[in-house]
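Please read the structure below before turning to the comments.
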Amino acid sequence: MGRLIIISSRLPFSLDRDGEKVSIRQSSGGLVSAIKSYFENSTAQRSELTGKMWMGVADFPQEDWELVRESSAEKPDFEVLPVFVEKDLYENFYNGFANSVLWPLFHYFSTLATYESQYFDAYVQVNQQFAERIVPLLEPGDQIWIHDYQLMLLPHLLRTKKPDATIGFFLHIPFPSYEIFRLMPTEWKKMILHGVMGADLIGFHTYDYVQHFLQSVKMILGVDNYFHNLQYQDRLVRIDLFPIGIDYGKFHTAATDPDVQIIRDKARGNLEDKKIIFSVDRLDYTKGLMQRLSGFEYFLERYPEWREKVVFILNIVPSRSTIPAYSERKKQIEEKIGTINGRFSTISWQPVLYRYTHLSFQELVALYQAADVALITPLRDGMNLVAKEYVASSTGKGVLVLSELAGAASELSEAILVNPTDVFDVASSITRALAMPLYEQRNRISLMQRRLQEYDVFKWVNDFMDQLSQVKQEQQRQKVRVLDDKALSVINRHYQRAGNRCLLLDYDGTLVPFTRIPSEAAPDNTVRDMLSRLSSDPRNHVVIISGRDMSSLDRWLGTLPVSLVAEHGASVRMRNGAWQQSVHVSDLWKDEIRRVMQLFVLRCAGSFVEEKSNTIAWHYRNTQTGLGFSRSRELLNTLSQLIQNTTLQVIDGNKVVEVRIAGFDKGATALKLINEQDPDFVLCMGDDTTDEDMFKALEGEAYTIKVNSGASAAQYTIMSQQRVVPLLNVLMQPAAPSGVERAVTEAKR
Ligand code: GDG
């Protein structure tokens, strides 16, 4: 195992310069707090790590960095790799593409996104600069963990230079639904998804974000998932959820810190018997500050009995003030605060205590503890660590009112969840919180605390790193070997020795090439000849296992002494026997599916519907390339929704989208045949998604060969369909003697 290399757009610290003296100042923020805690806690770190490095853009001049390096000032105990980006370029990258395109769009503020091409160009360039800087320094065994929306192109850029690198990516903000993501210019969104898919493991905070991402990958890149796994460009990529945790211990124990207690008691003392509502956020439109204030205003209006009995401490932290969408908000918020205070204040009471500043850690925790209610109501938030920190800091009392649109809501279900745009909901939730009995507060807080303690930031990092290693191991297992002469002669020798063989052969794409019209795919003489020789050997049981309907198979191969499996196992004809249909179910389901597929035939010239007894398929192999593909994504999507809660199954095949009754797959059928026959040699060949079922089911029982490149569960691969018949012919030839056999023969002479 090697080093852990964290890459984020920013470094976790800034430099303050005073004349010739430069000192390090830690930055705050979700990601920084999380990883820094991990780096500082040596017991939580994985023992196999040989080093730690953090790479990010430096927001200080290079000469300041040189000064720090030479000085005796306290430095971080991890290697730091600053990237120095030219000012204008950084501006277009950070304030431009990252924060004026991706940030608003991913938080569902699509109208605030400004699609300027110079922003995207800068985004590409800065991602490239990161790649150029780190690639020469990479060593085998390094684990690279890239963070967040500013660096979505980087995984792919690294992958092209270092195909075997271990790369994780984590998105800290929401991944929006496909309908939002698709609003981005076509080339950009493709590059972004393609960029992220360069990673081995891609993490999100919630199940919804995972689903949204998978959906976009399916619709835009045309790659379907199998649970949380995807095969992308011959590589396994895993997409999973890892809800970020906090350094629970640090917040929880801060309660006993005398400095914290002094600040807390002072805050409480100043406000006498008033209840304290508290919130702290960066100044950002996603945080819902205006709506929160409206909710609070409505609360004072609707519940006058609470006037003079509550104070709302609203702390706003300066952020991204050079972007117009941010600076305008500040003015609006301050006006709103003025209106509320003007409207409700009395000589001795002011409802909103507003501060526009960054708090020290002690102040922050003291306010968390002093607050009777934390009012955290973002309009969208990837997770929201403030909510978690508030809960962790509590000594038993306190109520969390949390937006249902924050990622944290899926874990903190004992909070009072609100719709942040609904002022009635916000106002009534505040009264509910203020009136909540102490035992109920304790109950709710302790349930949430237990959860936060169990999955803290250390667990989060280790969980991600464990999964990353697992994906790498899985990729290793998956690597399909090209069937070379040596492997072929091993199979050949086994074949020749065996007395009871089973050969399972897929039809389309394996025995015969694809044709424009499925009904034209009759076997030619070479195929027939080979099959006839293969099946005439009494030791051989040849099975043609296909998704085709029985009549086609019967017409083309019915006279040969082979077994035929139609529609993935729905109908079977054992050699020299009669067709047996496994099920007789009503065909009514086909009407619905047919209607949808026919609509797609109209929308996509050249496509057509093929009906079989138990399946119905929409083929798009004869359509205009891009169009057919993109329609197939839409059809897949529509059908997947349509068949929910039915016993049907949609399959994304090779230029075909097929719906069939679940329960018939080539894997189960092949296994059944093998169990009945109990052969001492099994060979299985196929090219399609449906053949993967066979490869998986027969693992360890058969020689499995995939036709054409692409990741597969098969043991071997051959690069073209044209090699299938020659290969089967070679198999039938007497085996070339092995080295030992040759030696024995020589000795006998
Ligand atoms: C992104 C996602 C996701 C805030 N004000 C002060 C202060 N903070 C600290 C908090 C907390 C962090 O900053 C803010 O974390 P959030 O989660 O609320 O938001 P983002 O920084 O925007 O983070 C977010 C996060 O990534 C992690 O994945 O949760 O959804 O947007 O730790 O304590 N700290 C101090 N003074 C302040 O005034 N000391």
Side-chain angles (χ1 to χ4, degrees), residues 205-207 241 243-257 260-261 264-265 267-268 271 273-281 292 295-296 299 302-303 305-306 309-313 364-378 381 383-420 422 424-460:
H205 285 309
T206 73
Y207 179 74
L241 69 149
I244 194 171
I246 55 167
D247 185 346
Y248 181 85
K250 182 170 152 200
F251 283 90
H252 197 62
T253 51
T256 51
D257 176 346
V260 170
Q261 285 171 351
R264 180 194 62 199
D265 295 345
R268 283 237 64 101
L271 295 167
D273 53 350
K274 306 218 174 10
K275 294 264 189 189
I276 299 176
I277 301 174
F278 174 61
S279 75
V280 54
D281 316 74
R292 191 180 309 166
F296 182 67
F299 156 77
R302 173 85 174 72
Y303 305 97
E305 63 275 22
W306 280 107
K309 295 199 182 104
V310 290
V311 170
F312 182 10
I313 303 180
L364 180 72
V365 178
L367 284 167
Y368 283 152
Q369 285 191 4
D372 298 283
V373 175
L375 188 59
I376 318 284
T377 56
D381 213 332
M383 174 55 80
N384 196 301
L385 295 180
V386 169
K388 291 190 168 181
E389 292 165 3
Y390 173 72
V391 171
S393 308
S394 163
T395 46
K397 70 174 197 50
V399 183
L400 172 64
V401 176
L402 177 63
S403 161
E404 60 194 22
L405 300 174
S410 52
E411 285 170 87
L412 302 176
S413 43
E414 290 79 11
I416 297 181
L417 298 181
V418 288
N419 174 348
D422 179 349
F424 305 102
D425 195 12
V426 173
S428 67
S429 298
I430 296 175
T431 40
R432 236 184 101 197
L434 290 171
M436 189 178 284
L438 201 57
Y439 74 86
E440 189 180 343
Q441 296 185 24
R442 281 215 162 86
N443 242 343
R444 288 174 181 245
I445 288 281
S446 73
L447 283 169
M448 293 191 279
Q449 283 187 335
R450 207 172 307 150
R451 221 169 293 139
L452 294 180
Q453 193 175 10
E454 266 165 23
Y455 197 82
D456 63 6
V457 67
F458 311 115
K459 291 263 169 49
W460 176 72

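Index from 1, following the sequence.
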Task: Qualifying residue, where the test is side chain to side chain contact (heavy atoms under 4.5 Å, CB included) with V386 and the options are D381, I246, V280 - done: V280
TODO: Decide side chain to side chain contact (heavy atoms under 4.5 Å, CB included) for H205 and I244; before the verdict, give the C-alpha distance in whole Å, the side-chain angles of both, and the deciding distance to 0.1 Å.
DONE: CA-CA 6 Å; H205 285 309; I244 194 171; 3.2 Å; yes
TODO: Find out whether I430 and V310 are in side-chain contact, i.e. whether some heavy atom of one side chain is under 4.5 Å from a heavy atom of the other.
DONE: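 With C-beta onward as the side chain, the pair stays apart.
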Open item on the list: So P243 and Y455, do their side chains get closer than 4.5 Å, heavy atoms only?
Closed with: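 The answer is yes, as the side chains (C-beta and beyond) meet within the 4.5 Å cut-off.
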TODO: Quick one: which residue pairs count as a side chain to side chain donor-acceptor pair (under 3.5 Å) with a foot in residues 443-452, not counting sequence neighbours?
DONE: E414-R451, E440-R444
Examine distances only and state if a side-chain atom of [X] and a backbone atom of [Y] form a donor-acceptor pair shorter than 3.5 Å.
| X | Y | answer |
| --- | --- | --- |
| R268 | A370 | yes |
| Y390 | A371 | yes |
| D372 | I276 | yes |

- [ ] Report the relative orientation of the aromatic rings in F278 and Y368; use parallel for angles under 30°, tilted for 30 to 60°, perpendicular for over 60°.
- [x]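 Perpendicular: the ring planes of F278 and Y368 meet at over 60°.
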Nearest 0.5 Å please: distance from the [atom1] atom of [X] over to the [atom2] atom of [Y].
| X | Y | atom1 | atom2 | answer |
| --- | --- | --- | --- | --- |
| F424 | S429 | CZ | OG | 13.0 Å |
| L417 | L412 | CG | CG | 8.5 Å |
| L405 | N419 | CG | CG | 6.5 Å |
| E404 | D422 | CD | CG | 9.0 Å |
| M448 | L400 | CE | CG | 5.5 Å |
| Q369 | R264 | CD | CZ | 5.0 Å |

Task: Counterpart residues, salt bridge (Lys or Arg N to Asp or Glu O under 4.0 Å), relative to D425 (two or more places apart) - done: none
Task: K459: salt bridge (Lys or Arg N to Asp or Glu O under 4.0 Å) partners, not counting sequence neighbours - done: none
Write down the atom of [X], the atom of [Y], and the distance for their closest heavy-atom approach.
| X | Y | value |
| --- | --- | --- |
| L452 | A392 | CD1-N, 4.4 Å |
| L402 | A387 | CD1-CB, 3.9 Å |
| F251 | S393 | CD2-OG, 3.6 Å |
| P420 | V426 | O-CG2, 4.0 Å |

Task: Test side-chain contact (heavy atoms from CB on, under 4.5 Å) applied to Y303 - qualifying residues, sequence neighbours left out - done: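 Checked Y303 against side-chain contact (heavy atoms from CB on, under 4.5 Å); matches are F299, E305, W306, A427, S428, T431.
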Task: Partner set under side-chain contact (heavy atoms from CB on, under 4.5 Å) for A433, not counting sequence neighbours - done: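 Expected list: V373, V399, V401, I416.
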Open item on the list: List the residues meeting side chain to side chain donor-acceptor pair (under 3.5 Å) with E411, not counting sequence neighbours, and say none if there are none.
Closed with: K388
